[in-house]
Student: 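Before we start, here is the structure in question, set down as structure tokens.
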There are 2 protein chains.
Amino acid sequence: MAWDTEGTKRSILDAAVDEFAAHGPDGTTIERIARKAGVNKERVYNYFGGKRELFARVLRDELAKVARDVPVESFATEDIGEYAGRVYDYHRLHPELGRLLRWEGLAFDAAVPDEEQRREHYSYKTAAVADGQEHGALTRELDADHLIFLVLSLAGWWSAVPQVARMITGDETEAEHQRRRASVVAATRRLAAPG
Amino acid sequence: MAWDTEGTKRSILDAAVDEFAAHGPDGTTIERIARKAGVNKERVYNYFGGKRELFARVLRDELAKVARDVPVESFATEDIGEYAGRVYDYHRLHPELGRLLRWEGLAFDAAVPDEEQRREHYSYKTAAVADGQEHGALTRELDADHLIFLVLSLAGWWSAVPQVARMITGDETEAEHQRRRASVVAATRRLAAPG
DNA sequence: TCCATTTCCAACGTCAACGTTGGAAGTAAC
DNA sequence: GTTACTTCCAACGTTGACGTTGGAAATGGA
């Protein structure tokens, strides 16, 4: 039987996303990742170093995905409310990213990997808001960096404390998800409207 | 030397808050809690059952504290912006609660302890918003449950993903905290303003 | 076909947390 | 001071994850 190095790496990464998102850096074991991927755990150490490095790699990959799937140029031309709706949709469809970010915030906080690169990633979003403000499409009452951050909070908080969301709003039926999305869009527009 | 059962329990609970907030349910070990409290771990099992029960107890205590320290009756008479500011302040001063809630959301989600009691806790807040809406002090564009939830998101997101906040807004100086608080208050008012 | 290289795994020693137990030390009632 | 009870801990066996190692199986070039 032929080797399939790339396939093995892919299996490991896929399993790692699941495990890290589900159990976090501490709760995840290399053994489970390896078992789930159908390989020996030595492969994980050999290909990706330790747990920490693997976590960083997984997070980097997921951030690349969201940047690809929910792009934004400028809120001078794009509706920021609809953007927030798309972010909400993304979180709902791919809960992993948000979970990974929150695990990271809880477990690491300081000493985040790839910090410089990620700072740049966010600076594009801030620039898109600043551009919208300059063109009069968004309020100037809030600074651009805070405005984008708060918009992300409206879209992301639901999955950050899902148990609280459930206790306040009731169970997560499909109808409730629609209602939530509509609230996120409406709230974002209220937050960002000029004048 | 005399026994001090209550004191021992207090020490354990205090240590448990620190450890759980810092490391979460998985990352926390009963051994470390016991060591920090200066007692044998058998005491922990004897007084509080296992790790899970202790976590539930700690969270319950912290929720009682915030309910006491940031009370609210009705947003018909109280400014919801200032309320959000107080929630922000509370999170900044007592990061434990937010961290515990996020650990809980990540580690347990379904199967939250004391769910009924906590649902009631939140229903008071929703009622305060509904009252504000009935008196024309708050917008009716958003449902009361979603509005309070989103307001809490504006106040809480900063500590939920502190690393993201840092990358977007820069380091957490005292000035930056002031700016954040002001943004939370302003954003909440924009979100909730009637008409 | 032979040999160097790469991929892969079973098995290992180490370490730390789990939850429990047997009994010592302290307290209170009589 | 004897008895009954409570508080406390040292020590235990068990389990599971860590990261490593020695070598087997597969590959590809000479």
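Reckoned from all heavy atoms, side chains included, excluding hydrogens, waters and symmetry mates. In what follows, every chain begins at residue 1, and chains take the letters A, B, ... in the order their sequences are listed.
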Student: Taking A:Trp157 for the side chain and B:Leu154 for the main chain, is one N or O donor matched with an acceptor at less than 3.5 Å?
Tutor: no
Student: Round to the nearest Å and state the distance from A:Arg43 atom CZ to D:dG19 atom P.
Tutor: 16 Å
Student: In whole Å, I'd like the distance from the CD atom of A:Glu31 to the P atom of D:dT20.
Tutor: 13 Å
Student: Just by distance, do the side chain of A:Gln133 and the backbone of A:Asp143 share a donor-acceptor pair under 3.5 Å?
Tutor: no
Student: B:Asn40 side chain: which of C:dC8, D:dA17, D:dA10 is closest?
Tutor: D:dA10
Student: Below 4.0 angstrom, which residues in residues 44-55 of chain A have at least one non-hydrogen atom near DNA chain D?
Tutor: A:Tyr45, A:Lys51
Student: So which one's nearest nucleotide on DNA chain C is more toward 5', A:Lys41 or B:Arg35?
Tutor: A:Lys41
Student: Among D:dT20, C:dT7, C:dC18, which is the nearest nucleotide to the side chain of B:Thr29?
Tutor: C:dC18
Student: Rounded to whole angstrom units, what separation is found between the NE2 atom of A:His23 and the C1' atom of D:dA17?
Tutor: 14 Å
Student: If I take atom CD in residue A:Glu42 and atom C1' in nucleotide D:dA24, what distance separates them, rounded to the nearest angstrom?
Tutor: 13 Å
Student: To the nearest Å, how far apart are B:Ile33 CD1 and C:dA16 C1'?
Tutor: 15 Å
Student: Looking at A:Glu53 and A:Gly50, would you say the former's side chain and the latter's main chain have a donor-acceptor pair under 3.5 Å?
Tutor: yes
Student: Could you go through B:Glu176 and B:Arg180, starting from their C-alpha distance and side-chain angles, then the distance that decides it, and tell me whether this counts as salt bridge (Lys or Arg N to Asp or Glu O under 4.0 Å)?
Tutor: CA-CA 6 Å; B:Glu176 172 60 19; B:Arg180 288 181 182 180; 3.0 Å; yes
Student: In sequence, state the C-alpha distance, the side-chain angles, and the governing distance for B:Arg99 and B:Glu96, and then conclude on side-chain contact (heavy atoms from CB on, under 4.5 Å).
Tutor: CA-CA 5 Å; B:Arg99 294 182 60 94; B:Glu96 308 84 33; 5.8 Å; no
Student: Send over the distance from A:Asp26 CG to D:dG16 C1', rounded to a whole Å.
Tutor: 15 Å
Student: Using a cut-off of strictly less than 4.0 Å, decide whether A:Thr8 has a side-chain nitrogen or oxygen near OP1 or OP2 of C:dT7.
Tutor: no
Student: Kindly determine whether B:Arg43 and B:Thr8 satisfy side-chain hydrogen bond (donor to acceptor under 3.5 Å, both in side chains), including the steps that lead there.
Tutor: CA-CA 8 Å; B:Arg43 285 295 83 199; B:Thr8 300; over 6 Å; no
Student: Please tell me whether A:Phe55 and A:Phe48 are part of a single hydrophobic cluster in this structure, the criterion being side-chain heavy atoms less than 4.5 Å apart.
Tutor: yes
Student: To the nearest Å, give me how far apart CD1 (A:Ile12) and P (C:dT7) are.
Tutor: 12 Å
